[in-house]
Protein chains: 2
Amino acid sequence: MPERSQASLLGLHISPSSGIPIYRQLMDQIIRLVASEILPVGSELPSVRNLAKQLTVNPMTISKAYSALEMQGVLTRVRGKGMIISENTSPQLDLTQRVEQLDNTIAKLALEARQLNVSKAQLLEYLDKKIPKN
Amino acid sequence: MPERSQASLLGLHISPSSGIPIYRQLMDQIIRLVASEILPVGSELPSVRNLAKQLTVNPMTISKAYSALEMQGVLTRVRGKGMIISENTSPQLDLTQRVEQLDNTIAKLALEARQLNVSKAQLLEYLDKKIPKN
DNA sequence: ATTACTGTATTATTTGAATAATACACTAAT
DNA sequence: ATTAGTGTATTATTCAAATAATACAGTAAT
């Protein structure tokens, strides 16, 4: 039978002093594992109790991370068994709607550039160099 | 004498139910106003009491937003008068050094775009539309 | 000095998010 | 039916951030 993931293998870890909530730290790490396909579709995650024990936190904290990821469509719950990685979901928003969610960060970037006397052209050129292709 | 900005003109508004702190909502809006140069350098912001009254919040909440923006270098406090939009800082750093200070925000933007399935080309196109000329 | 404006330091209070304790429901194998 | 494994609903607790109340300090005009 296929092995359920060990937390140690997945490298899941928390930094209690970081100020970032534990459940959110875990969500971020799992999202990266899924995005990089280290966790492929269909693979199982560590059980809440197992992971909670290794990280010395409450199982409900793990459950909260898993549940949030389930709502985001990243994971699927299998009754009595555990959580597995979902099929890839296609984005439900159209391009315009998605791109608008970047407005705050873009405004911040534009402001910082202005304060540094970096022109629009210089900024766009740098962005072109800096952003990875896809 | 030059008119102090009216909140209604700046369109500053809050959504108490949004979950985002009031002071942060205001910071975001002001940053966008400055980045888009609707609020040009030297222009005055609404007084904390005036704005607090219009939004029916405590003046200290407005002050918190203003103070945070002052620490970011967006605003300057003028004793006994009010807050005005700061000059663009003109550092003696060369372009390469200045542009590197944008790396954190750029990384954030790139990550958000990727998570939203916005391609590099789509992002650059949107940025070109969104960032004011200079 | 007074009035009428600015912003804010300090303190208190409120609120909500994060975490934990407990008990429960499901599955699968024996 | 029992055991041992899943996740979670509910409730309580903890804790820090957000907001507010109050009193204070500056400016400018009169």
Side-chain angles (χ1 to χ4, degrees), chain A residues 1-7 12 14-30 42-86, chain B residues 1-7 12 14-30 42-86:
Chain A
M1 63 181 174
E3 308 277 325
R4 173 167 289 269
S5 294
Q6 299 295 314
L12 293 175
I14 55 173
S15 163
S17 60
S18 75
I20 300 167
I22 294 170
Y23 82 98
R24 187 152 277 291
Q25 293 184 43
L26 292 174
M27 285 178 67
D28 291 344
Q29 290 175 51
I30 292 169
S43 55
E44 295 179 344
L45 276 88
S47 79
V48 292
R49 283 176 184 77
N50 189 5
L51 186 51
K53 197 174 178 185
Q54 296 205 35
L55 302 178
T56 54
V57 296
N58 191 282
M60 281 307 298
T61 302
I62 312 296
S63 176
K64 185 170 182 181
Y66 284 3
S67 298
L69 289 170
E70 187 192 16
M71 269 188 293
Q72 287 186 17
V74 178
L75 305 181
T76 303
R77 174 178 44 177
V78 182
R79 284 231 199 127
K81 291 215 53 178
M83 309 295 285
I84 64 172
I85 304 298
S86 303
Chain B
M1 63 184 177
E3 309 277 324
R4 174 167 288 270
S5 293
Q6 299 296 314
L12 293 175
I14 55 174
S15 163
S17 60
S18 76
I20 300 167
I22 293 170
Y23 83 97
R24 188 152 278 291
Q25 293 184 42
L26 293 175
M27 285 179 68
D28 290 344
Q29 289 175 48
I30 292 169
S43 56
E44 295 180 346
L45 276 89
S47 80
V48 292
R49 283 177 183 78
N50 190 5
L51 185 51
K53 197 175 177 186
Q54 295 204 37
L55 302 177
T56 54
V57 296
N58 191 282
M60 281 307 298
T61 302
I62 313 295
S63 177
K64 184 171 182 180
Y66 283 4
S67 298
L69 289 171
E70 188 193 14
M71 270 188 292
Q72 288 186 17
V74 178
L75 305 181
T76 302
R77 175 179 43 177
V78 181
R79 286 231 198 125
K81 291 214 53 178
M83 309 295 286
I84 64 172
I85 305 298
S86 302

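Just so you know, these numbers come straight off a predicted model, no measurement behind them. So you know, we letter chains A, B, ... as the sequences are listed, proteins then strands, and number each from 1.
In this structure, the CG atom of Leu26(B) is 16 Å from the C1' atom of dG7(C), given to the nearest Å. What separates CZ of Arg49(A) from P of dC24(C) is a distance of 14 Å, to the nearest Å. Between Gln25(B) atom CD and dA17(D) atom C1' there is a gap of 15 Å when expressed in whole angstrom units. Atoms CG (Leu51(A)) and C1' (dA20(C)) sit 16 Å apart, rounded to a whole Å. Put simply, CG on Asn58(A) is 12 Å from C1' on dA12(D), counting in whole angstrom units. Atom CZ of Arg24(A) and atom P of dA18(C) are 7 Å apart (whole Å). Atom pair Tyr66(B):OH and dG26(D):P shows a separation of 22 Å (rounding to whole Å applied). The separation between Met60(B) atom CE and dC24(D) atom P is 15 Å, rounded to whole Å.
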Kindly determine whether Val78(B) and Ile84(B) satisfy side-chain contact (heavy atoms from CB on, under 4.5 Å), including the steps that lead there.
-> CA-CA 7 Å; Val78(B) 181; Ile84(B) 64 172; 4.1 Å; yes
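For Lys64(B), a side-chain nitrogen or oxygen approaches OP1 or OP2 of dA18(D) to under 4.0 Å. Contact check, Ser47(B) against dC5(C): no side-chain N or O comes under 4.0 Å of OP1 or OP2. Residue Thr61(B) places no side-chain N or O under 4.0 Å from the OP1 or OP2 atom of dA18(D).
Comparing Ser67(A) and Pro21(B), the nucleotide of DNA chain D nearest to each residue sits closer to the 5' end for Ser67(A).
Side-chain contact between Glu44(B) and Met83(B) is absent, with no heavy atoms from C-beta onward closer than 4.5 Å. Residues Tyr23(A) and Met27(A) are in side-chain contact: their nearest non-hydrogen atoms beyond the backbone lie under 4.5 Å apart. In this structure, the side chains of Tyr66(A) and Leu51(A) come closer than 4.5 Å at one or more pairs of heavy atoms. Ile85(B) is not listed as a side-chain neighbour of Thr76(B), based on a closest heavy-atom distance of 4.5 Å or more.
Distance from the side chain of Ser63(B) is smallest to dG7(C) among dA18(D), dG7(C), dA20(D).
Residue contacts for Ile22(A): at a heavy-atom cut-off of 4.0 Å it reaches the sugar-phosphate backbone alone, with no base atom in range. Nucleic acid contact class of Val57(B) (heavy atoms, under 4.0 Å, all strands): sugar-phosphate only.
Interface remark: the Arg79(B) side chain does not form any donor-acceptor pair with the dT6(C) base, using a distance-only criterion of under 3.5 Å. Arg77(B) contributes no side-chain N or O that forms a donor-acceptor pair with the base of dT8(C) under 3.5 Å.
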